[in-house]
Amino acid sequence: MGMERKRKRKVSLFDVVDDTCVSAKLAKTNGFAVHGNDTNPLVNRWNGRPYSKRYLEILEKRKTLPVWHQKEEFLQALKANQTLILVGETGSGKTTQIPQFVLEAVELEIPDKRRKFMVACTQPRRVAAMSVSRRVAEEMDVNIGEEVGYSIRFEDCSSSRTVLKYLTDGMLLREAMADPLLERYKVIILDEAHERTLATDVLFGLLKEVLKNRPDLKLVVMSATLEAEKFQGYFYGAPLMKVPGRLHPVEIFYTEEPERDYLEAAIRTIMQIHMCEPPGDILVFLTGEEEIEDACKKISKQVANAGDVYGPVKVVPLYSTLPPAMQQKIFDPAPPPVMVGGSPGRKIVVSTNVAETSLTIDGIVYVIDPGFSKQKVYNPRIRVESLLVSPISKASAHQRSGRAGRTQPGKCFRLYTEKSFNNDLQPQTYPEILRSNLANTVLTLKKLGIDDLVHFDFMDPPAPETLMRALEVLNYLGALDDDGNLTKLGEIMSEFPLDPQMAKMLVVSPEFNCSNEILSISAMLSIPNCFLRPREAQKAADEAKANFAHIDGDHLTLLNVYHAYKENNEDASWCYENFINPRAMKAADNVREQLVRIMVRYNLKLCSTDFNSCDYYIDIRKAMLAGYFMQVAHLERTGHYLTVKDKQVVHLHPSNCLNHKPEWVIYNEFVLTSRNFIRTVTDVHGEWILDIAPRYFNLENFPQCEAKRVLEKLYKKREREGEESKN
DNA sequence: GAGCACTGC
């Protein structure tokens, strides 16, 4: 019966797709047939309700999307293959339409009838999962959260009726930890696969395994451009389908000679466009906040100097840490002419990479691409991730230029030579998995049951040293035993959406009688900086921050902020008066609640040392050391800090709140900028180190250094004391 | 005495 219905549907589909010149009326009729149920074509198959007028209007528009021309081809390929690769550029409609095509073609009924199998479609970003699912719910004429839903951290908007679920790639990975064969799903669509996020890369390898054990499961990998052939090779030659995009042509210009100063060149190019080119907004890609704010000032100044003949300009900065209200300005229209009949105005958006993938601005006609962005790099030798201004890839340059052609034909000015584009730029940005500390990823893989990491089928295998480093860290933390098997502790740690060090500190915190406080600190460390420091009120902001300062450490300062926030009833105006970011605090509260739920699930006690006890802060500092003993720095007699074992010279980040230079500190972050900084540091005692991490601080295989000599003395002192107490 | 590309659980 099911098959018969499917076949019938396909016949009518075929009519719609093949006969692109059918009259609107005929197409509508076919539309009914496609989406109606067997007894009544006017009734929505999914919820049994009659279709709305809006549904039919949207359906007409949907049919004009490029991907509709290959609907039948896609469905045939889906039927015949377990894995499919679909390449479609911006504007092809793949993200919204393909999942709906899939819904029509697969059987989702489960015998028990209480729920249905689902189709999953992953997205790298939360906003995309949310906004696309809303759109698709509208297209399918159902309520969001019912037949079509989404699932992102902190928000599961789906129900037992849900048949199509958009979710972040990280969320699907989480689901896989509890349901290794992903048995709730009949089809999994990995969208934006070309972005090669860490989670997508892990899902690639995982799904390859799952597909072997689930012949009824299908996988669709959707990507924009280029690497599709690589995907094909990786997925055993799965068929590849290409769907054209729908962008306006963009003319590319290169410089004749290499530019020495890309910032200066970018501003010069902006002025040339402004003075010589027809109306249209400009998008400039720069690398970071400071550079962008600086450039905005310079541009405004030069425009003012150029005089009124050229029309008014509105310069707008854009980067992710900009408050949302300021970000909204990129959607403001260009300013009107100064006087009637005057030159039209122009909007100039100066942005980081956010405008390359995460945010799209319509109306951009000119793109200026200096060819650089800040990229994460990882040095496994010293276990440090840092941000480095680096040349972008060809794929990235292509994506940037495409931003000029969203609403009309555009122009892209690349501030490098064509030769440089061809010879110097890598085809693709290195996938994140090759640029990251993998401690957390390895823990996840172990939890997913992948025991042999060396032979795990990564699309791009990480450096062996990176994997070794990750295994070593997890072993020291007690998450893996000496054979590399997940321990009970490791299993619990993997349940927390935190880095392994932080997860460890949290899991052991009840032993130090301070899990409530460690929960708050973990939450505060998981959110972006909560301290506001507006350019115009830096001094006042610093003073406000000093009120929260705890002299023994920045972690404790963060705890003070959290406590003060709660004592003031999470009041937003209290936040502003104290230069605290209320959104960040709200986020911290969310994280904390999530962590508490996991603690409760694993019977981890929620407890505190009496606040009046002199052990209150000591217990907290010891618990932190239990997680962060591999991130300890020692103050040398020369006056600077050296990280223990790795022996890197580091400096306390100037944002710290300590009033002294402790002999030993733990740090949350190693940041490599103008110097090596350790940020968010707390004073710990040498004696605690011996008690809490004796294995890591075993002096037998410890590099020769001042810290070692100090520890030796401490061990000897302890031995003496031990003997004295025996006697 | 300095900074924060971008995501995600």
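By convention in this document, chain letters (A, B, ...) are assigned in the order of the sequence lines, proteins followed by strands, and residues within each chain are numbered from 1.
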*Using heavy atoms and a sub-4.0 Å distance, could you list which residues of residues 283-293 of chain A are near DNA chain B? By number, please.*
A/Thr287, A/Gly288, A/Glu289
_Taking any heavy-atom pair under 4.0 Å as a contact, classify A/Tyr319: base, sugar-phosphate, or nothing._
sugar-phosphate
*Nucleotide range of DNA chain B contacted by chain A, 5' to 3', under 4.0 Å to a heavy atom?*
B/dG1 to B/dC9
*Do A/Lys446 and A/Ser494 get their side chains close enough for a donor-acceptor pair, meaning under 3.5 Å?*
no
*Sugar-phosphate only, base, or nothing, as touched by A/Arg533 at under 4.0 Å among non-hydrogen atoms*: base
_For A/Asp542, all residues meeting side-chain contact (heavy atoms from CB on, under 4.5 Å), sequence neighbours excluded_ = A/Arg533
*asked:* Once you measure the plane-to-plane angle for A/Phe548 and A/Phe531, does it fall in the parallel (<30°), tilted (30-60°) or perpendicular (>60°) bin?
replied: tilted
_5' priority, DNA chain B, between A/Ile152 and A/Lys376 [closest heavy atom]_ = A/Lys376
*asked:* Which is more 5' along DNA chain B, the nucleotide nearest A/His653 or the one nearest A/Gln123? Just name the residue.
replied: A/His653
*Check whether more than 12 heavy atoms from other residues, nucleotides or ligands sit under 6.0 Å from atom CD of A/Glu155, and answer yes or no.*
yes
*At under 4.0 Å between heavy atoms, what does A/Arg174 touch on the DNA or RNA strands: base, sugar-phosphate, or nothing?*
base
*Any Lys/Arg nitrogen of A/Glu543 or A/Lys539 sitting under 4.0 Å from an Asp/Glu carboxylate oxygen of the other?*
yes
*State plainly whether the residues A/Arg601 and A/Glu495 are in salt-bridge range, i.e. N to O under 4.0 Å.*
yes
*May I ask you to establish whether A/Arg435 and A/Tyr430 are in a cation-pi arrangement, using a distance under 6.0 Å from NZ or CZ to the six-membered ring centre and at most 45° from the ring axis?*
no
*asked:* Using a heavy-atom cut-off of 4.0 Å across all strands, would you classify A/Leu173 as base, sugar-phosphate, or nothing?
replied: nothing
*asked:* Once you apply a heavy-atom cut-off of 4.0 Å, does A/Ser373 come out as touching a base, just sugar-phosphate, or nothing?
replied: nothing
*Using a strict cut-off of less than 4.0 Å between a Lys/Arg side-chain nitrogen and an Asp/Glu carboxylate oxygen, indicate whether A/Lys165 and A/Glu175 qualify as a salt bridge.*
yes
*Using a heavy-atom cut-off of under 4.0 Å over every strand shown, decide if A/Asn529 touches base, sugar-phosphate, or nothing.*
base
*So, are A/Asp369 and A/Arg403 salt-bridged, with charged N and O less than 4.0 Å apart?*
no
